[in-house]
Amino acid sequence: MNALENSQIRDIALAPKGHDKINWVKNHMPILNQLEDEFRRTQPFAGKKVAICLHLEAKTAYLALVIQAGGAEVSVAASNPLSTQDDVVAALVDSGVTAFAWYGATDEEYFGHIDALIHTRPDLFIDDGGDMTSLFHSKYPELLENIVGGAEETTTGIIRLRSMANDGALKIPMIAVNDAMTKYFFDNRYGTGQSSWDAIMRTTNLVVAGKTAVIAGYGWCGKGAAMRAKGLGAKVIVTEVDPIKAIEAIMDGFQVMKMVDAAPLGDFFLTVTGDKKVITEEHFAVMKDKAILANAGHFDVEIDKEALNKMCVKHGHTKPNIEEYHFADGRKVYLLGEGRLVNLAAGDGHPAEIMDLTFALQALSLEYVLNNPGLANTVHSVPKEIDERVAKIKLQALNVSIDALTAEQQEYLSSWQL
Ligand code: ADE
């Protein structure tokens with residue numbers, strides 16, 4: 001198949017609905033509003049092609065339009081086959097963005113879309129999870145010659161990038177947006193916390209208060225998921241493999257135990273580890289009837305779907321985004337969003353005010369790569385000035401002023417003599 005053949009969308013008539021969604025988030029993303037005005041004046045991306053491989057919902061669409069306002073020719077593909085919102089994609093196409101994506105793409109279509117995105121021959125790109133970076137390097141290394149650099153959104157993608165860099169396989173400079181403080185402090189913790197529970201609640205329409213929620217993983221996303229579950233009135237159990245994070249979870253007031261011990265207790269299970277086979281056959285075997293299973297890690301590998309399929313005697317859909325698995329002993333469990341990122345597969349992703357911080361980092365990181373030719377072909381941190389700039393604009397937007405160090409205080413902090 002010619003890589004560009006699938007440059008089509010489902011239904012352009014959906015565009016007005018998509019524009020409404022984009023306008024809504026735009027009204028709640030003041031940092032991007034400011035960058036849009038600035039980019040319109042300064043045209044940092046004039047004459048450049050920018051490829052975006054992210055979850056294609058309204059906030060991402062606004063990021064694409066901000067980069068387009070900065071002079072770029074923008075193309076997009078999805079970073080997950082179930083997170084694409086067709087109306088938003090139609091609105092992007094209506095706004096002059098090239099799109100290769102539709103909701104529910106098969107694996108072949110999904111990678112075909114990323115393939116097509118690579119064949120737009122971008123100068124810069126944004127990735128989420130590393131599928132585009134990996135396909136680019138493994139299948140089309142010759143096309144990397146065009147690339148000035150890229151930026152990666154998520155923990156999973158950065159783990160993959162670091163493996164590439166360690167193997168000497170990374171051929172371009174990549175900015176680790178996830179590792180900026182204005183990213184993981186807010187997006188991973190408050191974004192994942194709120195949006196995952198929002199998706200679970202809107203999909204199941206069940207009560208959380210008084211029930212037991214098992215959170216697998218106590219990284220920044222897990223901390224947010226546990227904190228929000230507690231706020232909703234759940235009894236929270238955390239499972240971990242890292243002894244330090246396990247103590248942190250205990251000190252934060254949560255019960256910590258092995259998954260096999262938590263399995264019979266949980267009403268809700270939410271995996272946020274970034275690793276595979278976190279909930280497996282031995283756990284399904286002892287779960288309560290009607291337990292709800294969801295994942296908020298990047299890939300659909302945390303809940304072992306293969307084992308679930310093997311064990312169950314009947315499998316069906318109940319309502320959108322809920323699959324029912326019946327076991328021989330009469331119990332059943334429910335899997336949300338096919339075990340893919342529940343907040344995007346069964347929701348709208350993180351709140352707009354949160355993605356405002358993250359996507360401002362993305363836009364400024366691309367500008368930074370462009371303005372600093374010759375960066376080494378490795379993984380780079382977001383410069384501190386960019387991190388602080390994003391935080392300052394956010395405070396301004398919140399109408400909050402903070403104190404500044406006096407000269408005397410600064411001198412005190414830098415002195416060491418008695
Ligand atoms: N919306 C767009 N990208 C997202 C992400 N990585 N996480 C949550 N919501 C998003």
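Count residues from 1 along the sequence. Read the numbers this way: they start at 1 and go in the same order the structure lists the ligands and their atoms.
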In ligand 1, the atoms that come under 4.0 Å of a heavy atom of Gly349 are 9 (N)
Candidates His298, Met355, Gln362; heavy atom nearest atom 3 (N) of ligand 1 found on Met355
Short version for Asp128: what comes under 4.0 Å of ligand 1, heavy atoms counted, is side chain
Residue, atom and distance of the protein heavy atom nearest atom 5 (C) of ligand 1 read His55 CD2, 3.7 Å
At under 4.0 Å between heavy atoms, what of Leu344 touches ligand 1? The answer is side chain
Legend entry - Ring-ring centroid check Tyr140 His119, cutoff 6.0 Å: yes
Note: ligand 1 atoms sitting under 4.0 Å from heavy atoms of Phe359 are 2 (C), 3 (N)
Open item on the list: If we count only N and O atoms by modelled type, under 3.5 Å, do the side chains of Thr273 and Glu302 hold a donor and an acceptor together?
Closed with: yes
shortest atom 7 (N) of ligand 1-to-protein heavy-atom contact is with His350 NE2, 3.6 Å
Ring center gap for Phe284 and Tyr325 short of 6.0 angstrom: no
Q: Assess Leu54 for proximity to ligand 1: is some non-hydrogen atom of it under 4.0 Å away?
A: no
message: Check this for me: does any side-chain nitrogen of one of Asp300 and Lys305 sit under 4.0 Å from a carboxylate oxygen of the other?
response: yes
| field | Thr60-His55 side chain donor-acceptor pair, cut-off 3.5 Å | value | no
- Task: Look only at interatomic distance and state if Glu57 has a nitrogen or oxygen under 3.5 Å from any nitrogen or oxygen of ligand 1.
- Result: yes
Discussion item. Testing the 3.5 Å rule here: is there a donor-acceptor pair between the side chains of Asp87 and Tyr103?
Written reply: no
Rounded to the nearest 0.5 angstrom, the CD-NZ distance for Glu282 and Lys258 is 9.0 Å
